[in-house]
Amino acid sequence: MTNKQKGLTAICIFLVLFSGGWYANEFNNRTIHEKGLDGPDNLTIQQHDNVVPTTFPFQPREYIRIGNRVSQENE
């Protein structure tokens with residue numbers, strides 16, 4: 001295979017992948033628009049009780065914390 005054939009093959013592969021990605025993006029946007037998922041009424045804001053739980057720093061050698069992150073002293 002010559003360098004010319006390799007270059008042509010690489011360009012063809014690039015164009016196929018690029019056009020496939022472009023088509024997938026357009027299809028995704030069209031599907032979202034048709035289902036009405038992009039409307040202005042779909043804005044959801046998370047509500048909370050204005051109480052932010054205080055956390056305490058990790059203890060030595062505590063790299064992850066599993067379970068309740070609220071200090072037992074604050075409850």
Side-chain angles (χ1 to χ4, degrees):
M1 216 178 194
T2 65
N3 284 339
K4 193 178 223 182
Q5 290 174 329
K6 289 179 185 178
L8 184 61
T9 303
I11 290 172
C12 289
I13 291 172
F14 172 77
L15 289 175
V16 166
L17 291 175
F18 185 78
S19 61
W22 190 304
Y23 175 77
N25 184 44
E26 293 298 318
F27 177 78
N28 189 30
N29 288 340
R30 185 173 58 246
T31 303
I32 288 172
H33 181 68
E34 287 173 357
K35 290 185 178 181
L37 299 175
D38 59 348
D41 297 333
N42 291 337
L43 182 62
T44 305
I45 299 174
Q46 181 179 1
Q47 301 293 328
H48 58 84
D49 298 332
N50 293 332
V51 176
V52 179
T54 57
T55 59
F56 51 95
F58 284 145
Q59 302 299 320
R61 294 186 176 231
E62 183 183 16
Y63 304 114
I64 61 170
R65 185 172 292 140
I66 300 173
N68 193 1
R69 293 191 63 184
V70 178
S71 171
Q72 299 297 331
E73 302 164 1
N74 294 338
E75 290 182 354

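All values derive from a computational prediction rather than experimental measurement. The chain is numbered in sequence order, starting from 1.
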> Phe18: what forms a ring-ring contact (aromatic ring centres under 6.0 Å, His included) with it, not counting sequence neighbours?
Replying inline: Phe14, Trp22
> Just by modelled atom types, is the Tyr23 backbone N or O under 3.5 Å from a matching donor or acceptor in the Glu26 side chain?
Replying inline: no
> Measuring from Asn3:CG to Leu8:CG, what's the distance to the nearest 0.5 Å?
Replying inline: 12.5 Å
>> Ignoring hydrogens, what is the shortest heavy-atom contact between Met1 and Lys6? Give both atom names and the distance.
In response: O-CE, 3.8 Å
